[in-house]
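Chain identifiers are assigned alphabetically (A, B, ...) following the order of the sequence lines, protein sequences preceding nucleic acid strands; residue numbering begins at 1 within each chain.
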Number of protein chains: 2
Amino acid sequence: MDLLSETSISEQLRQAGLRPTRQRLVLGTLLFGQGDRHVSAELLHAEAVAAGERVSLATVYNTLHQFKRAGLVRELAIGGSKTFFDTNVSNHNHFFIENEARLVDIPSEGIRVAGLPEPPDGMKITHVDVVVRLSQK
Amino acid sequence: MDLLSETSISEQLRQAGLRPTRQRLVLGTLLFGQGDRHVSAELLHAEAVAAGERVSLATVYNTLHQFKRAGLVRELAIGGSKTFFDTNVSNHNHFFIENEARLVDIPSEGIRVAGLPEPPDGMKITHVDVVVRLSQK
DNA sequence: ATTTGTGCAAATCGTTTGCATCTGA
DNA sequence: TCAGATGCAAACGATTTGCACAAAT
């Protein structure tokens, strides 16, 4: 576990009003210590356990939702049965690899959507998601 | 229940290799008798029961998946917890009304996606889904 | 008669929650 | 000290499945 990144994660948590507990630091380090990631709660829990840390799955779920509220991660409800959390909070879209239920970023410059219709009366657009579904050629 | 449409649905089922049973006809009529629809299994089951028909929820699920295999409906795993089935099988996209977990079609002419990147090695694009998420203004 | 479909209840899967216990400021 | 966090197990909602019974060709 990298002390330097734990220190900065500790800061981020503090600023988000979250106490930097041992398990939040562990999960934060796994999430933010290696560039952009797409993780399910299950996967993140498995990684923590594999790293020899004691964290319950319930805490992983709670923590991911707290991180989401704090704007540290984005939740992706893209299909498949599991929910993914994306450590890249900026505007971008995704490849979804169907037979692996895995996500890959598409850089934001890539895609442009033209011809969006007016939303129905009294509604506003909160987000436009583009998912490019892929399968083996 | 409309005899004429039941007859044609009966034909469609036969051609798809599905026996036109009572419950398939009921569900088919509810699905295809009123233009394009987005239904969850739960909703469709409720409609069948409300129409005085005896169908189990398990059969609704089974039937929707059979219809999907037959190309009569498309499955939409767009987020939220439930899966929707769309009776409009042609190419089009969706508004997703977040606080109602409801879907509305966007006509296919509406949206154009430009700048799609190359899929990774050995993969091909099966589908591009655009979901425009809406909330109350 | 044989194959296929159906209903029910139990099983599964991902996720959430209640609550007693622990921990960090 | 003591609000806030954690772990566990039970609760949950959506979906699937196993199997005895019923219906279609």
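- Between D:dT15 and A:Ser81, no contact under 4.0 Å exists linking OP1 or OP2 to a side-chain N or O.
- Distances shown here put a side-chain N or O of A:Arg24 below 4.0 Å from the OP1 or OP2 atom of D:dA5.
- The separation between A:Phe84 atom CZ and C:dT15 atom C1' is 14 Å, rounded to whole Å.
- A:Thr21 has a side-chain polar atom (N or O) that falls below the 4.0 Å cut-off from OP1 or OP2 of D:dT6.
- Within 6.0 Å of the CD atom in A:Gln34, the count of heavy atoms belonging to other residues, nucleotides or ligands exceeds 12.
- Between the CG atom of B:Leu64 and the P atom of C:dG5 there is a distance of 15 Å, rounded to whole Å.
- Distance CZ (A:Arg69) to P (D:dA5): 10 Å, rounded to an integer number of Å.
- With rounding to whole Å, B:Leu43 atom CG is found 18 Å from D:dG13 atom P.
- Rounded to an integer number of Å, the gap from CZ of A:Arg19 to P of D:dC2 is 14 Å.
- Among the nucleotides D:dA14, C:dA25, C:dT3, the one closest to the side chain of B:Lys82 is D:dA14.
- Dashed line: the shortest gap from a side-chain N or O of A:Arg54 to OP1 or OP2 of D:dG7 is under 4.0 Å.
- In this entry the distance linking CD of A:Glu75 with P of C:dG14 reads 15 Å, nearest Å.
- In terms of position along DNA chain D, the nucleotide closest to A:Thr59 lies nearer the 5' end than the nucleotide closest to the other residue of the pair B:Ala41 and A:Thr59.
- Here B:His45 lies out of heavy-atom contact (under 4.0 Å) with every strand.
- The side chain of B:His65 contributes no N or O atom lying less than 4.0 Å from OP1 or OP2 of D:dT15.
- Residue order along DNA chain D, read from the 5' end via each residue's closest nucleotide, puts A:Leu18 first among A:Ala58 and A:Leu18.
- When the side-chain nitrogen and oxygen atoms of A:Arg22 are compared with OP1 and OP2 of C:dC22, none of them lie within a distance under 4.0 Å.
- Side-chain atoms of B:Arg37 come within 3.5 Å of backbone atoms of B:Leu30 as a donor-acceptor pair (strictly under, hydrogens ignored).
- Side-chain proximity of B:Leu57 to D:dT15, D:dT25, C:dA25: nearest is D:dT15.
- OP1 or OP2 of D:dT15 lies within a sub-4.0 Å distance of a side-chain N or O belonging to B:Tyr61.
- Closest to the side chain of A:Ser56, from the set C:dT4, D:dG7, D:dA3, is D:dG7.
- Side-chain atoms of B:His92 and B:Asp86 include a donor-acceptor pair closer than 3.5 Å.
- Residue contacts for A:Thr83: at a heavy-atom cut-off of 4.0 Å it reaches the sugar-phosphate backbone alone, with no base atom in range.
- A:His38 and A:Asp105 form a side-chain donor-acceptor contact under 3.5 Å, judged by distance and modelled atom types alone.
- In this structure, A:Gln66 does not reach the D:dG4 phosphate: none of its side-chain N or O atoms is under 4.0 Å from OP1 or OP2.
- For A:Gln23 and D:dT6, the CD to P distance is 5 Å, given to the nearest whole Å.
- Following rounding to the nearest Å, A:Asn62 (CG) and D:dG4 (P) show an atom-to-atom distance of 15 Å.
- Counting heavy atoms from C-beta outward, A:Thr63 and A:Gln23 have side chains that stay 4.5 Å or more apart.
- To the nearest 0.5 Å, atoms CG (B:Leu31) and CD (B:Glu47) are separated by 8.0 Å.
- Here C:dG14 is the nucleotide among C:dG14, D:dA3, C:dT4 with the atom lying nearest to any side-chain atom of A:Glu42.
- For the C1' atom pair drawn from C:dA11 and C:dG7, the interatomic distance equals 16 Å after rounding to whole Å.
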